[in-house]
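To keep things clear, I will list the structure first and then write my remarks on it.
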Amino acid sequence: MLGAPEPALSLPKACPELVEGGLDLETWETMPGRLLPRAFFAEPPEQVAPRLLGKLLAHRTGGRLLAGRIVEAEAYLGPHNDPPDPAAHAHRGPTPRNRVLFGPAGHAYVYAIYGRYFCMNISCEAEGRAGCMLLRALEPVAGAGQMALNRGLAPGAPAKLLASGPSRLCQALGLTRLRHNGLDLADPASPLQVRDDGFAVSEVLVTARIGVHEAADRPLRFALPGNKCVSGPKSLTGECILLG
DNA sequence: ACTCGGATTCTCT
DNA sequence: GAGAATCCGAGTA
C-alpha cells in the first residue's frame with residue numbers, strides 16, 4: 001500500500017479545450033481522481049478485470065494529459081492456474097517477452113502484435129505469480145483531439161474510433177513497448193497511471209474473449225453494458241453480473 | 001537456423 | 001465477410 005491518498009480532483013464536466021486538446025499540466029497539480037494502490041492489482045485477473053471498468057487510464061505526455069475511462073478488459077491467467085489458460089502469454093512460464101507478468105502487480109505489459117500494433121496489459125497477482133488484464137477499450141475523457149491526431153484521424157472524429165480496440169487504445173495514448181513496457185502504474189511519479197475518479201459501476205457484461213483460439217469459451221472478457229466505446233461485434237453476447 | 005502464426009486493424013467486396 | 005499488411009517471439013531441429 002502507498003501512503004496518504006492523494007486529494008481527489010474532479011475535472012470540469014464539459015471543458016472543450018480539455019476534451020479536445022488534452023489537459024495542460026502546467027495548470028493542474030495532479031491528474032484527475034485518486035491513484036490506485038498496488039494492492040488493487042495484487043489479485044487474480046478474473047477478479048481485478050471487472051473492477052478495472054470505470055477507472056481512468058491516464059498518460060502524461062508532452063506536457064499534456066491523455067486519459068480515458070476503461071470500458072472493456074480481458075483476464076489472462078498465469079501458469080499456476082488449474083485449468084491452465086493456453087491463450088495467455090505467460091502460460092508456459094517466464095520468457096524475455098513476458099517477464100513483467102511475473103514481477104510485482106500494477107506494472108504495464110506492452111507487447112507488439114502483427115508487426116504493426118501494440119497491446120497494453122496490467123500485471124496482477126503477487127510477485128512471482130503471473131496474470132494480467134488486457135485493456136481493450138477506453139472512452140476518451142481528456143485529450144480526444146490529440147488522440148485523433150495520434151490515430152491519424154480528423155480532430156472531430158467520433159469517440160468510438162479513438163480507443164475502441166486494444167491496439168487503437170495504444171495508438172490513441174501513444175503507448176509503445178519501448179517506452180512503456182514495465183512501467184509501474186502505481187507509482188505517483190509515473191507518467192502512466194490508473195486512477196479512480198469515483199465513477200460508479202454496478203453492472204458488468206461478461207463474455208468470451210475476442211481473438212483467442214484456445215480456451216475460446218471461457219468467460220473472461222468484461223465490459224460496461226451499452227457503452228458506445230466497447231469494441232467487438234454486438235452479436236457477442238454474455239451475461240450481466242452485479243459487481244460485488 | 002528455420003518455421004509458424006499471432007490477445008489487430010483497415011480496406012475492399 | 002474476406003484478405004492483406006508486416007515483424008518478431010517462441011517452439012522445434
Side-chain angles (χ1 to χ4, degrees), chain A residues 41 44-50 52-53 57 68 70-79 81 83-103 107-125 130-138 140 147-154 157-182 185 194 204-224 228-236 238:
Chain A
F41 302 102
E46 66 272 29
Q47 290 181 30
V48 183
L52 222 35
L53 300 181
L57 179 64
I70 301 169
V71 298
E72 181 184 358
E74 289 177 348
Y76 288 86
L77 283 49
N81 287 274
D85 180 10
H89 286 181
H91 99 278
R92 291 176 200 264
T95 70
R97 178 176 64 158
N98 69 20
R99 67 187 158 73
V100 171
L101 298 180
F102 291 85
H107 287 246
Y109 169 52
V110 183
Y111 68 90
I113 184 77
Y114 292 106
R116 29 170 46 177
Y117 299 113
F118 296 101
C119 293
M120 176 183 167
N121 302 253
I122 302 173
S123 67
C124 64
E125 300 270 24
C132 64
M133 293 73 62
L134 169 70
L135 302 186
R136 287 199 55 96
L138 303 180
M147 291 187 199
L149 284 178
N150 291 348
R151 291 262 302 122
L153 301 171
K160 164 89 179 165
L161 293 181
L162 298 182
S164 298
S167 296
R168 288 175 165 186
L169 181 158
C170 287
Q171 228 171 29
L173 265 58
L175 305 178
T176 65
R177 170 170 140 124
L178 185 65
R179 287 162 53 196
H180 302 282
N181 185 50
L185 304 178
V194 184
V204 172
L205 176 67
V206 188
T207 77
R209 293 173 293 186
I210 292 179
V212 305
H213 296 94
E214 316 229 42
D217 50 348
R218 298 185 69 172
L220 293 173
R221 171 176 174 261
F222 306 86
L224 290 187
K228 64 175 188 278
C229 290
V230 171
S231 78
K234 247 188 148 178
S235 57
L236 182 50

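Order of the sequence lines fixes the chain letters, A, B, ..., with proteins taken first and strands second; residue numbering starts at 1 for each chain.
- In summary, contact between chain A and DNA chain B, defined as any nucleotide atom under 4.0 Å from a heavy atom of the protein, begins and ends at B:dG6 to B:dC10 in the 5' to 3' direction.
- In this structure a side-chain-to-backbone donor-acceptor pair under 3.5 Å is present from A:K160 to A:V230.
- A distance-only check finds no donor-acceptor pair linking the side chain of A:E74 to the backbone of A:R136 [under 3.5 Å].
- Judged by distance alone, the side chain of A:S123 and the main-chain N or O of A:C132 form no donor-acceptor pair under 3.5 Å.
- At least one donor-acceptor pair closer than 3.5 Å links the side chain of A:R151 to the backbone N or O of A:L162.
- Straight-line distance between the C1' atoms of B:dG5 and C:dG3: roughly 16 Å, to the nearest whole Å.
- Using a distance-only test at 3.5 Å, with no hydrogens or angles considered, a donor-acceptor pair links the side chain of A:N98 to the main chain of A:G93.
- Proximity of a side-chain donor or acceptor of A:S164 to a complementary backbone N or O of A:A137 within less than 3.5 Å is not detected.
- The closest donor-acceptor contact from the side chain of A:R177 to the backbone of A:F118 lies at 3.5 Å or more, if one exists at all.
- Helical stems of DNA chain B (runs of at least 3 Watson-Crick or G-U pairs, donor-acceptor distances under 3.5 Å) are listed by first residue: B:1-6 with C:7-12, B:8-12 with C:1-5.
- Between the A:E46 side chain and the A:A75 main chain, no donor and acceptor come within less than 3.5 Å of each other.
- Here A:R151 lies in heavy-atom contact (under 4.0 Å) with sugar-phosphate atoms only.
- The 5' end of DNA chain B is approached more closely, in terms of each residue's nearest nucleotide, by A:G211 than by the other of A:L161 and A:G211.
- Residues A:Y109 and A:I122 have side chains not in contact (no heavy-atom distance under 4.5 Å, counting atoms from C-beta outward).
- With A:H89 as reference, A:Y111 is the one residue of A:Y111, A:F102, A:Y76 to meet the ring pair (Phe, Tyr, Trp, His ring centres under 6.0 Å) rule.
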key: Sugar-phosphate or base contact per nucleotide [nucleotides 3-13 of chain C; S, B, -; heavy atom under 4.0 Å]   = --BBB-SSS--
